[in-house]
Amino acid sequence: MYEPQAVEARWYEFWCERGCFTADPHSPKPSYAIVIPPPNVTGVLHMGHVLNNTIQDILCRKARMDGREVLWLPGTDHAGIATQAVVEKALRKQGVIKHRDELGRDKFLEHVWAWKQKNGGIIIQQLKKLGCSCDWSRERFTMDPAYSTCVQRVFVALYRKGLIYRGKRMVHWDPAARTALSDEEVDMVEEKGHLWHLKYPLLDEHGQPRPDQWVVVATTRPETMLGDEAVAVNPEDPRYQKLVGRRCLLPLQNKAIPIIADPLVDPKFGTGAVKVTPAHDPADYEIAIRHGLPLTVVIGPDGVMTAQAGEDFDGMDRMEARQAVVEELTGQGLLLKTEDYVHNVGYSQRSHVPIEPYLSEQWFLKYPSVEPAIACVENSPPHMRFFPDRWARTYSHWMHHLRDWCISRQLWWGHRIPVWYRRTPGRESRAAEGTPGREPLRPRDAAPAAADIWCDVTPPQDAEHWVQDPDVLDTWFSSWLWPFATMGWPEATDMLRKFYPTTDLVTGPDILFFWVARMIMAGYEFMSDPRFGLADALPFRNVYFTGIIRDKLGRKMSKSLGNSPDPLELIGRYGADALRFGTMRSAPLGQDVLFDENDVVLGRNFCNKLWNACRFRQIQGGRGLGGIVPDLLTRDDQWILLRLDRAIRELTGALAAYNFSEAVQILYRFFWSECCDWYLEACKASLNPEAAPPDAAGDAPDSAAARRANTLAVLDFVLSHTLRLFHPFLPFITEELWHGMGYHEHQPPGQGDTTIMFAPWPQPLGPGMLERFGVLQDCLEVAEAKQELVVQGRNLRRETHVAPNRKVTFVLKPSMDVPPQDRAVLTLLLNAAALDVDPSFQPPKGTPSARVRLGELYLPLDGLIDVAAEQARLAKELGRAEAEVAKAQQKLSNPAFVQKVPPHVLQEHQNRLADWTAKRDQARHALDRLTRG
RNA sequence: GCGCGGUUAGCUCAGGGGUAGAGCACUUCCUUGACACGGAAGGGGUCAGAGGUUCAAUUCCUCUAUCGCGCACCA
């Protein structure tokens, strides 16, 4: 039994020691490159990583065997929000602090770095356990000094180009992480909520409330009414026209607010009158700007109601405040009704709390190089291809509707924005947000004078007169540079020259916008410089999108559900090869992956089968790749060579199409069904002549020995190819067997002599080779016919209840020549004493028989056994044959069919009819004789 | 609301105008000399539904149902 644990550790060390994974930029070989989607430094390996990285490893290992110089560049991502949250939580747990503010920025960052130093390498070590052949000498981290400089340089360049600007905008605010987010970091979740209809009393011309008159507004967020500054109606709405210009009383706040007309209001929705909360709703903010309304902030950045909300609500959580406002309005009789209402609520992808629209000063980027980034995918043929290609449409749609990217984050952990503001007496820190309050709105922030702002990679000389912007950049603002910032950009390094553009990118569709699209734009923006000498600056040529890993019930894997297995544990139990094989087997192109541990068990079983097949070969003695003598090839030898040829073709095609589950299926079929189930068994007739009756083999002793040697040579040829075909999927066991079988001893230097990693990828056998081996296509038919005979023979045995261990003699009344070698194989596989080939055989009455392509197969039994059972068997067969005959006849009796159908299809149906007619007649005949006898 | 993808054996999925496939699971049998993490033989499907094109549709077209995923400022 195969034990993977020791084997895997040993070979991984071997590969690393010999630098097998190291990419050489000066190599004359054509390049192949992948940059890893950098996992989060705080992360631990999960099934999604296994899927993603196994695919990358398969591609890289295949490329090496194709003779390419491979770079798989690994690294990790600093993951601003996640890492900061993890470290802060850890510090809180240790009782060091209650909030990071107590430590201050510098001290806190020291803790994060210490934490990173200690825990940041975990996932890298785990990737090694999986067998990933990354170039570890080139591992990168997005906060490496060189990488950080790239980020700053890019910021400065885009700023100077006028694409980066600062402005006061309504942004998506995460009240838990207390930072702005980009549009992409918000998930819209459908939720059952309510639509509350609130009555705002109308005021007369003297500012007195009219108890009998009011305007009714509908809202899903009643707590925001505390910050209302108007009620808006559509100017065309006849119901409200006479109210426009009047004022109403904002309840609870006892504040007069105007009724205004704005075309944004949809008269058909709700009551047609909208409460306007400029500080807490993006649409309302637009209206407020148009009408010069003031801005009242009632919800603070922490999601807690501010003093502006009034003393009854000050300090209350926004959700509590919602209840409190509803209760209060109910008490005052101002709640007209509450409707159930299903709507979409934005949630922070990071903190999973509802997003708060929040007005604040942030940095934005107008995306650069949009046109080439669109064109490279939309061109025909495209310069960059997506797999599956439907993602190209999603990409295009997003690219055609770009909105400026909010790149600043109110965090400490990350790349600090390289902008300094001149200290001015009245305004110590421009960066500090003013305390929330009521302030008049300006249309858009006026930019500060150029002399008061410093944007550069280096701080200003007179640093004491300047203060740096406190914010950091969105993590994706660093990772979008990954394909070139990891290779020495902005210098035109040898690495960039050799490996950029990279070949393939493997990632999940969930980060298509976050990462893939932005990398494409960054590639065009920063690699188009003539210094790089690129005809096309795209960062990669192919993007493969994996599915999302789910459990076998189809649920997303998550820590809280506890349905996510630990890959390391799986590797410990079954081996990395098994995990890889199982994962690939269940990962169809373009669909989610339903992971079932059973697949890993299957992978383990598969490895064990491979192990044992090789063991079988070893037991036969001799070692290593002998020459094949074409004249001595049996028809089964020829057959397996053809099957190998097909497997090579199909597997190579499946990999070129990134169809990994199909690739695994091809390997499975070839190795298990064809190689083991048939060929290995058939081999035994040549390898073990005494296993078959001596007369059946029909060979003289010395020619039997020669044939035996030849069969071993074929077996070695097939197995050595098989190991290579499997290597990208099962790197460890194939390396172990490659050496164990001695195949490495026969390889040219650097092409498989020290490691199977560099053994050439198998090529189809080709017409020349097939001719030399005398391999004829008709041996496929002969093999099929033999297989049919074996199945039917076993079937006869079983249905006539012959004990499995009882050696019987079958008789074949042949319809074609059956050479002694084939007879020996058939005898062996039938587990029979003999297979007599007798053209003039006269079966005793009631002899069970089956019609097969090779003739009529009989199982003569001593004395008549169960006649009734045999009758039943034949009757069943007859019934089936009659049904098939009728079906074929019906088709062929349709004149339209016979006239219009293509000749080969007609022929097929005619053959089918003949075949089943013969079977029917045989069964009928046998039944007749049985009954009469 | 718009767009995309799916609906095929108990399960997970291939397939593709010309007798429905694989693996797993299931039933029965077998420790025979590579392997019980194995071998042998079986059972099991109106290919979601309704129309249309065709000699022929599970496959192509239209519509419906249903599930999933994107995108969308309707309070």
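Naming convention: chains lettered A, B, ... in sequence-line order (proteins, then strands); numbering from 1 in each chain.
Separation of the C1' atoms belonging to B:U62 and B:C69 is 24 Å when rounded to the nearest angstrom. Across B:A40 and B:G18, the matching C1' atoms stand 33 Å from one another, rounded to whole Å. The separation of B:A34 from B:G23, taken at their C1' atoms, amounts to 22 Å, rounded to a whole angstrom. Rounded to the nearest Å, the gap between the P atom of B:U8 and that of B:U58 is 15 Å.
No contact: A:Ser586 has no heavy atom under 4.0 Å from any strand. At the heavy-atom level, A:Arg390 lies under 4.0 Å from the strands shown only through sugar-phosphate atoms. Contacts of A:Phe513 with the nucleic acid, taken as non-hydrogen atoms under 4.0 Å apart, involve only primed sugar atoms and P, OP1 or OP2.
When the side-chain nitrogen and oxygen atoms of A:Asn605 are compared with OP1 and OP2 of B:G38, one or more of them lie within a distance under 4.0 Å. Dashed line: the shortest gap from a side-chain N or O of A:Tyr341 to OP1 or OP2 of B:A75 is under 4.0 Å. Here A:Lys684 does not reach the OP1 or OP2 of B:U32: none of its side-chain N or O atoms lies under 4.0 Å away. The side chain of A:Arg403 contributes an N or O atom lying less than 4.0 Å from OP1 or OP2 of B:C73. For the pair A:Arg393 and B:C4, the criterion of a side-chain N or O lying under 4.0 Å from OP1 or OP2 is met.
In this structure, of B:A34, B:A72, B:C69, it is B:A72 that holds the atom nearest to the side chain of A:Asn344. Which of B:G42, B:A34, B:A75 sits closest to the side chain of A:Val265 comes down to B:A75. When the nucleotides B:G5, B:A40, B:C69 are ranked by their closest atom to the side chain of A:Asp677, B:A40 comes out on top. The side chain of A:Cys676 lies closest to B:A34, out of B:C55, B:A34, B:U12. Side-chain proximity of A:Val791 to the nucleotides B:A41, B:U12, B:C37 is greatest for B:A41. Nearest to the side chain of A:Glu681, among B:A34, B:C73, B:G42, sits B:A34.
Along RNA chain B, the nucleotide closest to A:Asn612 and the one closest to A:Asn659 are compared, and the more 5′ of them pairs with A:Asn659. Of the residues near RNA chain B, A:Val274 and A:Gln792, the one whose nearest nucleotide (by heavy atom distance) lies more toward the 5' end is A:Gln792.
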Go through it in stages, so that I can follow the logic: the residues are A:Phe545 and A:Tyr395, the test is ring-ring contact (aromatic ring centres under 6.0 Å, His included), and I'd like the CA-CA distance, side-chain angles, deciding distance and then a yes or no. CA-CA 12 Å; A:Phe545 291 101; A:Tyr395 172 78; 9.1 Å; no

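Applying the salt bridge (Lys or Arg N to Asp or Glu O under 4.0 Å) test to residues at least two apart or on different chains, the pairs with a partner in residues 575-590 of chain A are A:Asp57-A:Arg580, A:Arg585-A:Asp599.
For the segment residues 180-195 of chain A, no residue has any heavy atom less than 4.0 angstrom from an atom of RNA chain B. Only at 4.0 angstrom or more do the heavy atoms of residues 572-583 of chain A sit from any atom of RNA chain B, so none qualifies.
Just one residue in the list A:Gln5, A:Arg604, A:Glu597 forms a side chain to side chain donor-acceptor pair (under 3.5 Å) with A:Tyr574, and that residue is A:Glu597.
Outside the 6.0 Å centre-distance limit, the rings of A:Trp391 and A:Phe386 are not counted as a close aromatic pair. Aromatic ring centres of A:Phe729 and A:Phe606 lie farther apart than the 6.0 Å criterion allows.
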Both distances under 3.5 Å, Watson-Crick or G-U wobble: on that basis, could you give the dot-bracket string for RNA chain B, with [ ] for crossing pairs and | for other-strand partners? (((((((..((((....[..)))).(((((.......))))).....(((((..]....))))))))))))....

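For the pair A:Lys684 and A:Phe616, the cation-pi criterion (under 6.0 Å, within 45° of the ring axis) is fulfilled. Cation-pi contact between A:Arg518 and A:Trp405: present, with separation from the ring centre below 6.0 Å and deviation from the ring axis of at most 45°.
Under a cut-off of 6.0 angstrom, the local environment of CZ in A:Arg880 is sparse, with at most 12 non-hydrogen atoms contributed by other residues, nucleotides or ligands.
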Once each nucleotide of nucleotides 18-27 of chain B is scored for protein heavy atoms under 4.0 Å, what B/S/- sequence comes out, 5' to 3'? BB---SS---

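Shown here are the ring pair (Phe, Tyr, Trp, His ring centres under 6.0 Å) partners of A:His197, two or more places apart in sequence or in another chain: there are none.
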